[in-house]
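Here is the structure we will look at, set down as structure tokens.
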Amino acid sequence: MKYTNLFIPTLREAPSDVTAVCQLLMLRAGYVRQLATGLYIYLPLGWRVLNNINRILKEEMDGIGAQEFSMPILHPAEIWSQTGRWQSIGEEMFRLKDRYGRDMCLGMTHEEIITWLASKELKSYKELPQIWYQIQTKLRDEARPRGGVLRTREFIMKDSYSFDADEKGLEHNYKIHSESYHRIFKRCGLTFYEVESDPGMMGGSTAHEFMAPTPAGEDEIVICGKCGYTANVEIAESIAVPNADTLQGQIEDVETPNKRTVAEVSGFLKTKSSFFIKSILLIAKSEPVLVLIRGDHEIHEKKLTKLLGEFRHASKDEVLNILKVETGFIGPVGHKVKKIADISLRSGTYISGANKSGYHTKGIRPGMDFDTEWADIRMAKADDTCVKCGSVLRSEKVIEIGNIFKLGTKYSVPLNATFLDSNGQENPIIMGSYGIGPARIAAAAIEQSNDKDGIIWPKNIAPFDIQILPLNMVDARTVELSNALYDTIKGSINSLLKRPFEVLLDDRDIRPGVKFKDADLIGIPLQVIMGEKNLKNDEIEIKVRRTSETRKISIDRASEEIIAIYNEI
RNA sequence: CGGGGCGUAGCGCAGCUUGGUAGCGCGCACGGUUCGGGACCGUGAAGUCGGAGGUUCAAAUCCUCUCGCCCCGACCA
């Protein structure tokens, strides 16, 4: 394609409100524009990248026997009511009414719709298994879109669904999805992890997330370098590093005027925060619960929710009413309310609030000076000990690029998606659900592969394979030779991608410096530079975007050489 | 939803404290000189100062309300 026929609005200056590198580069290099909070327009280059990713998705889905569908994004509320999600999902769902007043919603996902279809059409074990998928727009009224295309209110997703007669079948479909996801992300040039995850509102039993490490990530995972254990910190199990030494001395109150937070008291008493117990009052269902955790740890609310069900933090007034002490000076000793302590507090001697204003208590021995229930309610973090092998965990910021869920019968039972087995018995279909976000793949690829000059696309998803830069468009020979080379390469087959080469010819009559800057920004893997001086020697220059390595080649065999270099990089 | 910030030309910003002719850089158009890493000179077009109301002789500037965008948190199949 010729540059003058393409809309590539590059920006010399960065918009002021970007936070993520992928967002900055997508805007500056002319891939996307923002319409409103969480809504993005894909410009020609951006759309080409997404289509390249989608092509890989289709090839790999087709490769495991999945069949492509297209389902509506406008859904009747009734189906969502049948699974209870019309009621259980809150403001995140876009809701509307049609002209007759019927409740409708915009699809956040398609479990309901595909299961509705399966309930109508799949009747016999002989029709199972099936894998159905689509690449379709989803809409979610996100509380806080952020990071450019990383979290948006409207986004495209590849979602597939498996239908099986039994657990064994589900196990198999889960496995082949996992394997195909590994191939997909590898082909897209990403570094990624498959980690254990929390099934969340999808329900079901087992779930894994595919996570691409990047500083712009919203999630955090822990990784064991030794045994390979990886998990989202939301569910990760780990052992806290115990305090190396123990506080000495008997139980006694010390004056801590106006020092409330762990940081303040720890600074005031010149004692490490790991020798403190944070005491936090929560209101679960009807009952107040005092939650105890080491000063340098964070409570993990998802773990707690599993123990307590829904809960909220107590207000200042509630703390005063229930514990008879103001916030900042709460401690575990002497209260009759239900207590849950993190297991990392089982040994050692600690400092906590004295339950009177302006005082903390030293020398508290959990289990001896107060009674409590014990549980793992702590957020895993770097330097914790791996529960599987005892090695040290590290953590990384990641973005979720895909996930796989074993749904079981969570949707098939309420929507009555059943089949008759070989004994004539009616059974609910066993389901799985598998998602991938193409825009997040693109964003992660940029995050993982860029330099100060711009994007460096992995070959498989780059908007073009090769960019030709004729530097002087008023020189007849340059124009003639660049057009000829353009036609030749375009007519050759890219054996890696099994299709003709996609070539971008920068035929703009502008200064060379601008062409160089734009080419580096846009990030096409290989640049072919045709300058007058080199052409006088019948030479042209090849530049590898990733390494900035340049090489002069003879014009005679230019297209063969260029293709050979392309295949090498 | 809680906390904070910002809305002035396509982009980046100044002007607001202390009310009085709306500015700068980049970009854009035209002319000229340039032409291997975002050139230079000259000329020019382009702004409901986010919107509404109020105070005032006079509002980008002060007051009230409102909309939008961004950040932190809550939230997040």
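Proteins get letters first, then strands, A, B, ... in listed order; numbering begins at 1 in each. Only a predicted model underlies this, so the values are computations on that prediction, with no experimental measurement involved.
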Worksheet entry | A:Q23 side-chain N/O to B:C70 phosphate OP1/OP2 under 4.0 Å | no
Worksheet item: In whole Å, what separates the P atom of B:U18 from that of B:C63?
Response: 10 Å
Worksheet item: Counting side-chain heavy atoms from C-beta on, which of B:G36, B:C35, B:G38 comes nearest to A:L471?
Response: B:G36
Worksheet entry | Rounded P spacing from B:C30 to B:C72 in Å | 43 Å
Discussion item. Using modelled atom types and a 3.5 Å cut-off, is there a donor and acceptor pairing between side-chain atoms of A:T230 and backbone atoms of A:E194?
Written reply: yes
Item to complete: For B:G47 versus B:C11, give the span between their C1' atoms, rounded off to a whole number of Å.
Response: 14 Å
Item to complete: Just compare B:A74, B:C35, B:G12 and give me whichever is closest to any side-chain atom of A:P15.
Response: B:G12
Worksheet item: In the structure shown, which nucleotide is the Watson-Crick or G-U wobble counterpart of B:G10, with both distances under 3.5 Å?
Response: B:C26
Discussion item. Any N or O donor-acceptor pair under 3.5 Å from the base of B:G36 to the side chain of A:E541?
Written reply: yes
Worksheet item: Where each residue is assigned the nucleotide of RNA chain B containing its nearest heavy atom, which of A:R28 and A:E142 is assigned the position nearer the 5′ end?
Response: A:R28
Practice prompt. Assign the ring pair A:H182 / A:F210 to parallel, tilted or perpendicular, where the plane angle (0 to 90°) is split at 30° and 60°.
Written response: perpendicular
Item to complete: Name all residues meeting the side chain to side chain donor-acceptor pair (under 3.5 Å) criterion together with A:K533; count only those two or more places apart in sequence or in a different chain, and write none if there are none.
Response: none
Worksheet item: Can we say A:K552 and A:E561 salt-bridge, meaning some charged N sits less than 4.0 Å from an Asp/Glu carboxylate O?
Response: no
Fill in: P gap between B:G32 and B:C69, integer Å
45 Å
Discussion item. Less than 4.0 angstrom between a side-chain N/O of A:S16 and OP1 or OP2 of B:C70, yes or no?
Written reply: no
Worksheet entry | Residue matched to B:A39 through Watson-Crick or wobble contacts both under 3.5 angstrom | B:U33
Item to complete: For the pair A:H75 and A:H110, name the ring-plane relationship: parallel under 30°, tilted 30 to 60°, perpendicular over 60°.
Response: perpendicular
Worksheet item: Looking at B:C26, B:C69, B:G73, which one has an atom nearest to any side-chain atom of A:R146?
Response: B:G73
Item to complete: Name the nucleic acid region contacted by A:N403, choosing base, sugar-phosphate or nothing; use a 4.0 angstrom heavy-atom cut-off, strictly under.
Response: base
Worksheet entry | Distance, rounded to the nearest Å, where A:I510 contributes CD1 and B:U34 contributes C1' | 15 Å
Worksheet item: Which value, in whole Å, describes the distance between the C1' atoms of nucleotides B:A59 and B:U33?
Response: 46 Å
Worksheet, complete the sentence: Regarding the side chain of A:A36, the nearest nucleotide among B:C71, B:G12, B:C69 is B:C69
Practice prompt. Starting at atom CZ of A:R440, determine the distance to atom P of B:C76, rounded to an integer number of angstrom.
Written response: 14 Å
Item to complete: Check every strand shown and say whether A:I404 touches a base, only sugar-phosphate, or nothing at a heavy-atom separation below 4.0 Å.
Response: nothing
Worksheet entry | Residue matched to B:G2 through Watson-Crick or wobble contacts both under 3.5 angstrom | B:C72
Worksheet entry | Proximal nucleotide (of B:G25, B:G36, B:C76) relative to the A:E13 side chain | B:G25
Discussion item. Taking 4.0 Å as the cut-off, does a side-chain nitrogen or oxygen of A:T19 come that near to OP1 or OP2 on B:C70?
Written reply: no
Discussion item. From CE of A:M93 over to P of B:C76, roughly how many Å is that when rounded to an integer?
Written reply: 14 Å
Discussion item. Please classify the nucleic acid contact of A:E218 as base, sugar-phosphate, or nothing, using heavy-atom distances under 4.0 Å.
Written reply: nothing
Worksheet item: Within this structure, what is the CZ-to-C1' distance between A:R144 and B:G5, rounded to whole angstrom?
Response: 13 Å
Item to complete: Report the distance from atom CG of A:D17 to atom C1' of B:C11, rounded to the nearest whole Å.
Response: 11 Å
Worksheet, complete the sentence: Partner of B:G47 under the Watson-Crick or G-U wobble criteria, both distances under 3.5 Å, comes out as none
Discussion item. Taking B:G25 as the reference, what is the distance to B:G36 when you measure between their C1' atoms (whole Å, please)?
Written reply: 26 Å
Worksheet, complete the sentence: Output for pair (A:F94 CZ, A:M108 CE), nearest 0.5 Å, gives 9.5 Å
Worksheet entry | Separation of atom CG in A:L27 from atom P in B:G12, rounded to whole Å | 10 Å
Practice prompt. Return the nearest nucleotide to the side chain of A:R511; candidates are B:G37, B:A39, B:A74.
Written response: B:A39
Item to complete: Any strand is fair game: report the nucleotide pairing with B:G53 by Watson-Crick or G-U wobble, both distances under 3.5 Å, or none.
Response: B:C63
Worksheet item: Looking at A:K278 and A:D342, does any basic side-chain N land under 4.0 Å from a carboxylate oxygen?
Response: no
Worksheet item: From A:N416 CG over to A:K120 NZ, what is the distance, rounded to the nearest 0.5 angstrom?
Response: 9.0 Å
Worksheet item: Is A:N472 side chain donor-acceptor paired with the B:G36 base, going by distance under 3.5 Å alone?
Response: no
Worksheet item: Are any of A:R12's side-chain N or O atoms less than 4.0 Å away from OP1 or OP2 of B:G27?
Response: yes
Worksheet item: If you take atom types as modelled and just measure distance, does the side chain of A:D453 reach the base of B:G37 with a donor-acceptor pair under 3.5 Å?
Response: no
Worksheet item: Rounding to the closest angstrom, what is the interatomic distance between B:G15 and B:C67 at atom C1'?
Response: 24 Å
Practice prompt. Quick one: closest heavy-atom pair of A:L292 and A:I377, and the distance?
Written response: O-CD1, 3.9 Å
Worksheet, complete the sentence: Whole-Å distance, A:M530 CE to B:G37 P, equals 18 Å
Worksheet item: Which residue lies toward the 5' end of RNA chain B, A:K543 or A:G148, if each is placed at its nearest nucleotide?
Response: A:K543
Worksheet item: Mind checking who B:G19 pairs with, Watson-Crick or G-U wobble, both distances under 3.5 Å?
Response: none
Worksheet item: Which whole-number value in Å describes the distance from A:L535 CG to B:G36 P?
Response: 13 Å
Item to complete: Check every strand shown and say whether A:D159 touches a base, only sugar-phosphate, or nothing at a heavy-atom separation below 4.0 Å.
Response: nothing
Worksheet item: How far does the P atom of B:G23 sit from the matching atom of B:G44, given to the nearest Å?
Response: 14 Å
